[in-house]
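Quick notes on the structure that follows.
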Number of protein chains: 2
Amino acid sequence: MQPANKQNIIAQDIASKIHHEIYAPKTFLPSEHQLCELYGTSRETIRKALDQLTELGLIQKIKGRGSLVLDIQRYTFPISGITSFKELNAALGMHACTKVLHLKKTVLPPQLITEETNKKQPAFFVERLRLINQQPAVLDRDYLLSPPVSTLPKTAAADSIYAYLEGKLGLQISYATKEITVEKADPTVAKKLALLADGLVVVVRSHSYLEDTTLFQITASFHRPDKFKFIDFARRKKILLHPTTAKKEF
Amino acid sequence: MQPANKQNIIAQDIASKIHHEIYAPKTFLPSEHQLCELYGTSRETIRKALDQLTELGLIQKIKGRGSLVLDIQRYTFPISGITSFKELNAALGMHACTKVLHLKKTVLPPQLITEETNKKQPAFFVERLRLINQQPAVLDRDYLLSPPVSTLPKTAAADSIYAYLEGKLGLQISYATKEITVEKADPTVAKKLALLADGLVVVVRSHSYLEDTTLFQITASFHRPDKFKFIDFARRKKILLHPTTAKKEF
DNA sequence: TCTTACAACTTGTCTATACATCTGTCAAAT
DNA sequence: ATTTGACAGATGTATAGACAAGTTGTAAGA
């Protein structure tokens, strides 16, 4: 799935050791020089591996001292900048299941047509209901653009669409934009999520792209407010994008 | 504020040129070799600058072709992994103001005491109401831990606390964890935000840390649901943190 | 005409080295 | 007892070079 170069292998290995508390929170990793000898690589390669862990929030580098293992795994672990169910984190191993309500080949509806899609863009439409402890928690409505998504069997939709796209179709998923809002639930959505009429629902809209910047997925995810939780780890960015703008904190 | 090393200057410069469409969306940046000559640096330095832009979502690197300028600035620009007002983006230059409701030195309330704080942790408590077009939009309740925050004048609270901490006190803000949920509004919150009784409110709780991993701020931010919007750009992470866990998409 | 092979260019990865800067320690000087 | 300074060890930054691997256009070949 991911290129098996040295820096990734090292990052994966250290991440795993942090996860298993071989490197415990609030302790320092071996120094970069020691890691060089440990893995038999140059210092830059070690540093690129550590950069990945820093970005993920697993460690914090402190100049002159070392790389400190952070104690925020409970926050950052199951996710990585994604929306998830409230219980999905705590409830690893809980009874969660996915019910595929619809799956058909169609074209993108007019309101989703933009300059980055064709006029009559073919797509697979998938509607899925996520249940946790038999309770409806999330309703996903996905359009998977075709091309690049050539086929989409129902079994893949019930399991993990991403695993299918990456594993079977060999697509390389790269990045996504997400937008979270709270809106009044549409009656069809309210019914499927067992919400009160006129109830509020959390909506996560996202566009997902491949490595060659091809748009391949447009999703709206409707979450029951009481089941919704979004966890994020953010580093303060150095680049000022709007120097003239009143800076928002973080 | 940020170290003025070559890679940051170059990243800042290219980001600025992208912003002003000197490098337009859907076009390629000059090649790394050309950028080397342009800035008179080595290729690794250029690459580290480009890595920053990649992480921010300004460009996408494509092997064998070049660095493509992405067309998602409208999404990613005013933010960078932060929560913001719904209008704050569109409403740059709109009439937004901050009213400081409270500012006092106190100790951290019991429910916020954790193993990473002292038992009787002194802190500044600040309560601020953010108004947009004279409408209450967000209520912020901040505890700024003292130490490391030695002083906090009211003028700083009305302006930007972060600018004060970084500029005047010389603190180096590094990272934060955030958690977004939707909850029933407490009566005191509902009143200040002019919500319906028993209405829902979006709550963003965050812990913010300095570069030496000192916790310095605990915040709860209450957003009117109809004014709330969170925008995010996320890259697919390579590191598998829970290999045994059902992978969540992204 | 079509296909293949290659050259030129791109980014990706890794190495080795050098020097700057910060932290902590410890010994010497005050 | 306190301060100062030297030093070792840590991360931060920059450089130069080498080779791998992907993309594109072109020229040679069938």
Side-chain angles (χ1 to χ4, degrees), chain A residues 1-14 23 27-55 58-70 170-172 174 210-214 235-236 238-239, chain B residues 1-14 23 27-55 58-70 170-172 174 210-214 235-236 238-239:
Chain A
M1 172 180 160
Q2 49 160 320
N5 54 34
K6 289 193 181 183
Q7 62 174 269
N8 287 347
I9 290 169
I10 294 168
Q12 187 66 254
D13 187 61
I14 296 176
Y23 299 137
T27 67
F28 285 94
L29 293 184
S31 74
E32 294 177 353
H33 180 67
Q34 287 173 310
L35 290 172
C36 286
E37 300 211 334
L38 196 56
Y39 292 101
T41 62
S42 67
R43 190 165 157 235
E44 280 296 333
T45 302
I46 293 294
R47 286 179 60 77
K48 282 170 184 168
L50 295 182
D51 282 347
Q52 295 186 38
L53 304 180
T54 302
E55 193 60 35
L58 288 178
I59 63 172
Q60 172 76 0
K61 306 195 75 175
I62 304 178
K63 187 172 182 176
R65 303 228 287 145
S67 299
L68 195 55
V69 179
L70 292 182
L171 300 183
Q172 297 191 284
S174 180
L210 301 178
E211 290 216 328
D212 64 357
T213 75
T214 309
R235 291 201 166 268
R236 189 149 172 82
K238 295 172 181 171
I239 299 181
Chain B
M1 171 181 159
Q2 50 158 320
N5 54 33
K6 287 193 183 183
Q7 62 174 267
N8 285 347
I9 291 169
I10 293 168
Q12 187 67 254
D13 187 62
I14 296 176
Y23 299 138
T27 66
F28 286 93
L29 293 184
S31 74
E32 294 177 353
H33 180 68
Q34 287 173 309
L35 290 172
C36 286
E37 300 210 334
L38 197 56
Y39 292 101
T41 63
S42 67
R43 187 163 159 236
E44 281 294 338
T45 301
I46 294 294
R47 286 180 60 76
K48 282 169 184 169
L50 295 183
D51 283 345
Q52 295 184 38
L53 305 181
T54 302
E55 193 59 37
L58 289 178
I59 63 171
Q60 172 77 359
K61 306 196 72 175
I62 303 178
K63 188 173 181 176
R65 303 229 287 146
S67 299
L68 195 54
V69 179
L70 293 182
L171 301 183
Q172 296 191 286
S174 179
L210 301 177
E211 290 216 328
D212 64 358
T213 75
T214 308
R235 288 199 169 271
R236 188 147 172 84
K238 295 172 184 172
I239 299 182

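Order of the sequence lines sets the chain letters (A, B, ...), proteins ahead of strands, with each chain counted from 1.
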Residues which pass side-chain contact (heavy atoms from CB on, under 4.5 Å) with B/T213, listed by chain and number, not counting sequence neighbours: A/Q60, A/I62, A/L68, A/L70, B/Y175

Does A/G64 or A/K6 map to a spot on DNA chain C nearer the 5' end, using the closest nucleotide for each? A/K6

Report the residues that fulfil salt bridge (Lys or Arg N to Asp or Glu O under 4.0 Å) with B/E55, sequence neighbours left out, ordered by chain and then residue number. B/K237

Could you tell me how far apart A/D212 (CG) and D/dT23 (C1') are, to the nearest whole angstrom? 13 Å

Identified salt bridge (Lys or Arg N to Asp or Glu O under 4.0 Å) counterpart of B/E32 within the set B/K63, B/K48, B/R47: B/R47

Kindly write out the residues that satisfy salt bridge (Lys or Arg N to Asp or Glu O under 4.0 Å) with B/K6, not counting sequence neighbours, or none if the list is empty. none

Contacting residues from residues 30-45 of chain A, given that a heavy atom lies under 4.0 angstrom of DNA chain D: A/S31, A/E32, A/R43, A/E44

With sequence neighbours left out, write down each residue that passes side chain to side chain donor-acceptor pair (under 3.5 Å) with A/T45, or none if nothing qualifies. A/S42

side-chain contact (heavy atoms from CB on, under 4.5 Å) involving B/Q34 - partner list, sequence neighbours excluded: B/P30, B/S31

How bent is the helix from C/dT1-D/dA30 to C/dT30-D/dA1, comparing axes over its five end pairs at each side, to the nearest 10°? 0°

State which residues pass side chain to side chain donor-acceptor pair (under 3.5 Å) with A/R65; sequence neighbours excluded, sorted by chain then number. none

Evaluate salt bridge (charged side-chain N to carboxylate O under 4.0 Å, His left out) for A/E211 paired with B/R236, printing each intermediate quantity in order. CA-CA 10 Å; A/E211 290 216 328; B/R236 188 147 172 84; over 6 Å; no

Separation of B/K48 atom NZ from D/dA16 atom C1', in whole Å? 13 Å

Name all residues meeting the salt bridge (Lys or Arg N to Asp or Glu O under 4.0 Å) criterion together with A/E37; count only those two or more places apart in sequence or in a different chain, and write none if there are none. none

By salt bridge (Lys or Arg N to Asp or Glu O under 4.0 Å) - contacts of B/D212 (at least two apart): none

Identify all pairs in which a protein N or O lies below 3.5 Å from an N or O of nucleotides 3-5 of chain C, and state each distance.
none

